[in-house]
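Throughout, a chain's letter reflects where its sequence line sits, starting with A, and its residues are numbered from 1. Atom set for the values below is all heavy atoms of this structure, side chains included, hydrogens, waters and symmetry mates excluded.
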Amino acid sequence: MRSYEPHVIEEKRQELWEQQHLFRVTENDGGEKYYLLEMFPYPSGRIHMGHVRNYSIGDVIARYKRMRGFNVLHPMGWDAFGMPAENAAIERGVHPAVWTHENIAYMRKQLKRLGFSYDWEREIATCDVAYYRWEQWMFLNMFEKGLVYRKSSPVNYCQRCQTVLANEQVEGGACWRCGEEVVQKELTQWFFAITKYADELYEYCDKLPGWPERVLNMQKNWIGKSYGVEVDFLMEDGTPLTIFTTRPDTLYGVTFMVLSPEHPLSTRLPAGTEHEQAVRAFVDKTRAQDKSFRAEIATQKEGVFTGKYVSNPLTGARVPIYVGNFVLMEYGTGAIMAVPAHDQRDFEFAKEYGLSVIATIMPADGTLDPATMEAAYEGDGKMANSGPFNGKHNREAIPGIIDYLEEKKIGRRMVNYRLRDWGISRQRYWGAPIPIIYCDDCGTVPVPFEDLPVVLPLDLKVTAVGKSPLAEDPEFYKVDCPICKKPARRETDTMDTFVESSWYFLKYACPDYDRGPLDSARVNYWMPVDQYIGGVEHAVLHLLYSRFFNRVLNELNLVDAREPFENLLTQGMVIKDGAKMSKSKGNVVDPDYMIKKYGADTARLFCLFASPPEKDLDWSDKGVEGCFRFLQRVWRLVAERLDDIKDTVSILEPAADDPDCVQLAYLIHKTVKKVTEDIDRFHLNTAIARIMELVNGVYKFIEKEKRDEDSKRLLRGAMETVIVLLFPFVPHITEELWEMLGLDIATIGQSWPRYNEKYIMEDRVLVVVQVNGKLRDRCEVERNIDQERLKDMAYSLDKVRKHIEGKTIVKTIIVPNKLVNIVVK
RNA sequence: GCCUGGGUGGCGGAAUAGGUAGACGCAAGGGACUUAAAAUCCCUCGCUCCUCGCGAGUGUACGAGUUCGAUUCUCGUCCCAGGCACCA
């Protein structure tokens, strides 16, 4: 008997696939299109287990969909620009390009060794000019449409990475990549106007039924849509101070106003008065603190009086204006109305500075006394001290108050978003150059389309942390102004690498196209992505950027789809010893080692079997061992009996009615049904469990096998079923076994087994008998047995009699073919 | 604090529609084969109690409720994970 040698067969199969271009796909291949995409990796050097898991899940679906007749696009590429390449250059003197390409070469080899069915002819690397030149083209188009602009603003800056970070890229005050604390810095940089799409991106969250609730929730959370009103409070000189509030029902309780230190009025209001100095000092002090520091420290409310007042538009009350450290300039108008009775922050500020408190909303179970309140009441209730609205429920009063404000033209309905525009300038070398030229006379001039691409020069040395080498390379930045032809200077910042990953899924449709950014005919054939698979860590960043970018490209008529990803599966992390695998924790399992020890099939099988895709996967060396044992068991199942059944023609339905054969037939057909349903629901772990049960069943069958022709043919049918069902999970071993059985290798990946309904429903069923809902016995009866007969049988069971004797039967519930429940008193 | 998930054996995890809780795998224990070991195969395996049986009770974080029947539905409590967080 041949023994199972994973390395030999895996490498052999992979070579064959490559020779035959087995996974090459075109639009003309027939069958309904199916675009399956897994998030492409950053070429960091080697594949890690998270990749193996992600791509194993994807490969099951790709192969399964092909077997079901779909025309499957399953591409792979490289998110090849980024910081680690530069760090490697600084630390080891390797050029980022060299480092990146070496890593790509190694990782490509690893992916091929894992046997994933990619159409490698569509491979792209985002650091290739052929790729990023079209990104520059997109940038210029966005510039023309006013979706790109430059402004100076306080930005998040990572000292270690020496570059700016977008809001989304700051995690709890630290850099998303290196964990360094982020500081605030005033810089001029380029922004994509993603906020113009805030509302659509938010509203479409409800139109993505194929996305996990969790991710949509995170995106909504991030976009942060809130409905409210802008209200003008008139100052004593008649000019308005405009604020935004979501609680117009508390307008009668306003006792002061607070401006952000960054608000232009903060310094203007007290100018030339006795308050000027104190306010200036406070503003300067607060502005010097960076955002994360302020958020932390400023739970302690601080502020200063400007000396000016406004009047409450509803009551006419005279209300003082303060500057406070807890008001953000970036949200709303940078100024707030303060209602200490009903807002905890305002309450704290009022206590600190002895400001008055007016309660206008009374809780259902009592009244509020401002003199004794210890915290703001933020709940709902009946309105008080609110003029004509007294006695009304606060939530019901809101529309009326807003109508009144709008009528008097002192307020208007407003929607506000938490989302900020996406800052894309990075003061780094290894990225796509921003195609802009600065001319002393003509100002900011976009590079003319015909001058694209702005090539990132490769003959530079990245030496030390500090300025980007582009800014120090006259060859690069010295350029003539496209308009006046006088000497000018190129932009030396490059684009955030999230820009590349915002449209790579479109490029896969036409990787060879070079006459324009995208070949729309092909793009529209494949788009949208039918199934996207990747880690949750990109729930906001990459997925939100891509949704935005796809909309822009849709408006540039490059793609018809408005949303890029129809269905999304977010897989969990790979955990070992209770922590995410990481070098620092020393709990990393190397895929190369796994392949060497067990082969790719075992590595893949374990990643798929150990837990359902969305959940975290607990790594277990013993569990891997178990998967390897299972594959050997499958191998033996075929290899041991090979001589005997080599020339047998398989059947899936026994000709005679031998009970063992019939039982096996039931098992075969049921397994096919269940595995099909499980894969359709992405329950890959239970799909594998079902196949294991089938294998166990086949072994049991062999034990008592009668060795007649019918049994032999059915046995072979069972083996073939095991192999085919297992194929999408472990393609190498199954192809080898298929071939050993003398079957045409071309057929295994092309058809998914069917089941016969006749063998799904057995003639005899096991019925459970309960008394008062407690299980007492079970009995096997023929399917669809007469209910009266079933009742009588149930009553006569010894174990049941014991529990009903001497009692009155109140009623008997029968669930056909499943259960009898006798209710007694 | 707010929003989303989630709490099931020693462990990873099952249980499409309210109907046998613990599939499948791992670990553990026992046995067969073997001179021995590995490999393989077979059996046992939630907890408690006892008269050790085709036995009784109990059990899906906790407490109520709906129901003939709840891991599943409703309400409340606790815990864990993730996201947001002076966003007005």
Query raised in the report: What integer number of Å spans the P atoms of U16(B) and G22(B)?
Result: 13 Å

Report summary line: Classified by glycosidic angle (syn within 90° of 0, else anti), G9(B) comes out syn

Report task. Quick one: label H803(A) by what it contacts on the DNA or RNA (base, sugar-phosphate, nothing), any heavy atom closer than 4.0 Å. Result -> sugar-phosphate

Report task. Report the distance from atom CE of M1(A) to atom P of U40(B), rounded to the nearest whole Å. Result -> 12 Å

Please table the atom pairs, donor to acceptor, closer than 3.5 Å between any side-chain atom in residues 248-256 of chain A and protein atoms at least two apart or in another chain.
from, atom 1, to, atom 2, distance (Å)
D249(A), OD1, R247(A), NE, 3.1
D249(A), OD2, R247(A), NE, 3.2
D249(A), OD2, R247(A), NH2, 3.1
D249(A), OD2, N394(A), ND2, 2.9
T250(A), OG1, R247(A), O, 2.8
T255(A), OG1, S356(A), O, 2.9

Requested in this report: Could you tell me whether the side chain of R690(A) and the main chain of T671(A) form a donor-acceptor pair under 3.5 Å?
Outcome: no

Report summary line: Atom CG of N772(A) and atom P of G57(B) are separated, to the nearest Å, by 11 Å

Query raised in the report: Base, backbone or nothing for each nucleotide of nucleotides 5-34 of chain B, written B, S, -, heavy atoms under 4.0 angstrom, 5' to 3'?
Result: -------SSSSB--BB--BBSSS-------

**Report entry** Listed nucleotide nearest any side-chain atom of Y331(A), set A88(B), G83(B), C68(B)
**Finding:** A88(B)

Report task. Nearest whole angstrom, please: distance from the P of C84(B) to the CG of L419(A). Result -> 13 Å

Report task. Scan K799(A) against the nucleic acid and name what it touches under 4.0 Å (heavy atoms): base, sugar-phosphate only, or nothing. Result -> sugar-phosphate

**Report entry** Spacing of D616(A) atom CG and Q571(A) atom CD [to the nearest 0.5 Å]
**Finding:** 9.5 Å

Query raised in the report: Would you say N772(A)'s side chain and K774(A)'s backbone share a donor-acceptor pair under 3.5 angstrom?
Result: no

Query raised in the report: Does R418(A) place a side-chain N or O at less than 4.0 Å from the phosphate oxygens OP1/OP2 of A85(B)?
Result: yes

Requested in this report: Report yes or no: does R783(A) contribute a side-chain atom to a donor-acceptor pair with the main-chain N or O of V765(A) at less than 3.5 Å?
Outcome: no

**Report entry** Partner nucleotide, any strand, of U66(B) [Watson-Crick/G-U, under 3.5 Å]
**Finding:** none

Query raised in the report: Would you say R413(A)'s side chain and I402(A)'s backbone share a donor-acceptor pair under 3.5 angstrom?
Result: no

Report task. Give S226(A) one of three labels, base, sugar-phosphate or nothing, depending on what nucleic acid heavy atoms sit under 4.0 Å from its own. Result -> sugar-phosphate

